[in-house]
Amino acid sequence: MGDGTAASTTNRGHSSSSNKPEWLQQYDLIGKIGEGTYGLVFLARTKSAANRGKSIAIKKFKQSKDGDGVSPTAIREIMLLREIPHENVVKLVNVHINHADMSLYLAFDYAEHDLYEIIRHHRDKLNHSINQYTVKSLLWQLLNGLNYLHSNWIIHRDLKPSNILVMGDGEEHGVVKVADFGLARIYQAPLKPLSENGVVVTIWYRAPELLLGAKHYTSAVDMWAVGCIFAELLTLKPLFQGAEVKAMSNPFQLDQLDKIFKVLGHPTLEKWPTLANLPHWHQDVQHIQGHKYDNASLYNVVHLPPKSPAYDLLSKMLEYDPRKRITAAQALEHEYFRIEPLHGRNALVPCQPGEKVVNYPTRPVDTTTDFEGTTSIQPSQPVSSGNAAGGMPGAHPSNRSVPRPMNVVGMQRMPHQSMQAYNLTSQAGMGGGMNPGGIPMQRGAAAQAHQQQHLRRKDPGMGMPGYPPQQRSRRF
Ligand SMILES: Nc1ncnc2c1ncn2[C@@H]1O[C@H](COP(=O)(O)OP(=O)(O)OP(=O)(O)O)[C@@H](O)[C@H]1O
């Protein structure tokens, strides 16, 4: 572990030289870089000679109080995620389990940027749109990673800008990495959202079939999310910014559907015949079926000419009927990717000679939160570690020749009852707290980073009022 290899952990105890478990001693922990629904993400650097200083993101999933630990099935699935070698999929370098409380640690290759920050930087700092080459390159690589996952029967189910990472300086500069894939199943059970951190689960990228209560769904849910993200890259604003209904079990998200219908028009049984089978379609006849939405026009919202290849691709991603929605493989072949500017591997280089390089900020690092997740400046508390694969039959299938259906059926992630409601007042524009090179920050700056990460959690897609007007319309 820690060298970028896929070796599994074998140590259970703590070494005598430190109260840290042995696997953790392979790293210098730098600080917290993020907080998701299920845990915290830390930046660490490898100490081993072979890969000294290599940055790693360690995602710690905390066991909920009433959970029963991570099931062997979930662990087997996670271990399989280590075997996904694709340039546009973030590499899971290792998995650790703390057997004492069944906390789970996943270590990934570190990416300096993500689409959430890139969009926010353009919207709040630069006040201009993302160039056509960058949008196209980001989208192509996202689709390329997704196509690989889908052809291996892995559905992401939670695609959003913060899950789409982009590599910083180095050999892979500007390369997109899809993150957080294949974890939906372990999120579902037994891991539950942390009740105390008050984070929200965004529904802005959720496909209409899920919003209408579909129990069985396909990779088309990811393509809907890609459409939403594509539109957000163009306009710097979330496309469908509904207010989430909070409830314990999969509530009916009327406002989110309403936002979608306003832009795309009302879905009809003619265009989407299986609509009638979806539970909420019948449950909420008065609201959904009764309300007519006039003047729907996606092209006005995204400022694209209706005949442009970009608009054609976007509208195919936002097709209501999941069976008609464009697939990742089809999208990669779309005309949009064959016209100038052509996409490239480094999405962050300027597209035209003389164009200014955009220096995206590095991730803020909060050095005041220790590995146990408490805000303090104490050293990390001890945890025991063990071999996640040890004794687990099938943890390393060497001859996996057929794609495994991983997340074809399942429940949606559910927000915890105690989660705070969306704060729809403006939280955009919080800046600063950046940490060039990820060097540990001064306490003041670290506190700022902590605050920024906290605010970011409440603002999953930056859908706040006060967006700058579109700088110019595009034709691509
Ligand atoms: N491999 C990585 N390298 C760098 N940053 C990462 C990596 N993985 C995740 N992050 C960042 O850590 C932060 C938290 O990620 P995490 O996946 O826990 O939450 P999220 O995706 O924001 O929300 P949720 O867990 O609710 O889906 C995000 O800003 C994300 O971009």
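The structure displayed is predicted, hence computed values, not measured ones. For this chain, numbers begin at 1 and follow the sequence in order. Both counts, for ligands and for their atoms, begin at 1 and track the order of listing.
Across Ala111, Gly34, Ser162, heavy-atom proximity to atom 3 (N) of ligand 1 is greatest for Ala111.
Ion pairing between Glu117 and Lys125 fails under the 4.0 Å rule for side-chain N and carboxylate O.
Heavy-atom contacts of Asp180 reach the following atoms of ligand 1: 17 (O), 21 (O), 27 (O) (cutoff under 4.0 Å). Under a 4.0 Å criterion applied to the non-hydrogen atoms of Lys59, ligand 1 contributes the atoms 16 (P), 17 (O), 18 (O). Counting atoms of ligand 1 from 1 in the listed order, those under 4.0 Å from a heavy atom of Asp158 are 27 (O). Atoms of ligand 1 found under 4.0 Å from any heavy atom of Val41, numbered from 1 in the order shown, are 12 (O), 14 (C), 15 (O), 18 (O). Counting the atoms of ligand 1 from 1 in the order shown, those under 4.0 Å from a heavy atom of Ala57 are 1 (N), 2 (C), 3 (N), 7 (C). Short contacts between ligand 1 and Lys160, defined as distances under 4.0 Å to a heavy atom of the residue, involve ligand atoms 21 (O), 23 (O), 24 (P), 26 (O), 27 (O). Near Asn163, meaning under 4.0 Å from one of its heavy atoms, ligand 1 places the atoms 21 (O). Counting atoms of ligand 1 from 1 in the listed order, those under 4.0 Å from a heavy atom of Phe108 are 1 (N).
Partners of His173 under the ring-ring contact (aromatic ring centres under 6.0 Å, His included) rule, at least two apart in sequence or in another chain, do not exist in this structure. When the side chain to side chain contact (heavy atoms under 4.5 Å, CB included) test is applied to Val301, the partners found at least two apart in sequence or on another chain are Leu239, Val263.
Ring orientation note: the planes of Tyr360 and His122 are tilted relative to one another, at an angle of 30° to 60°. In this pair, Phe240 and Trp224 present their aromatic rings parallel. The plane angle is below 30°, not in the 30 to 60° band.
His280 places no side-chain N or O within 3.5 Å of a backbone atom of Leu210 that could act as its donor or acceptor partner. Here the side chain of Asp222 pairs a donor or acceptor atom with the backbone of Arg157 at under 3.5 angstrom. Asp109 places no side-chain N or O within donor-acceptor distance of the main-chain N or O of Lys91, the cut-off being under 3.5 Å.
Ligand 1 has no atom lying under 4.0 Å from any heavy atom of Ile56. Ligand 1 has Arg363 within reach: a non-hydrogen atom of the residue lies less than 4.0 Å from it. Under a 4.0 angstrom heavy-atom cut-off, Ala179 registers as lying outside contact with ligand 1.
Here Leu43 has no heavy atoms under 4.0 Å from ligand 1, in either its backbone or its side chain.
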| task | Would you please test Asn131 and Thr134 for side-chain hydrogen bond (donor to acceptor under 3.5 Å, both in side chains) and show each step? | result | CA-CA 5 Å; Asn131 77 55; Thr134 296; 3.2 Å; yes
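Close N/O approach between Ile33 and ligand 1 is not found [any backbone or side-chain N/O within under 3.5 Å]. Of the N or O atoms in Tyr110, none lie within a sub-3.5 Å distance of an N or O in ligand 1.
Taken to the nearest 0.5 Å, the CG atom of Asn88 stands 11.0 Å off from the CE atom of Met167.
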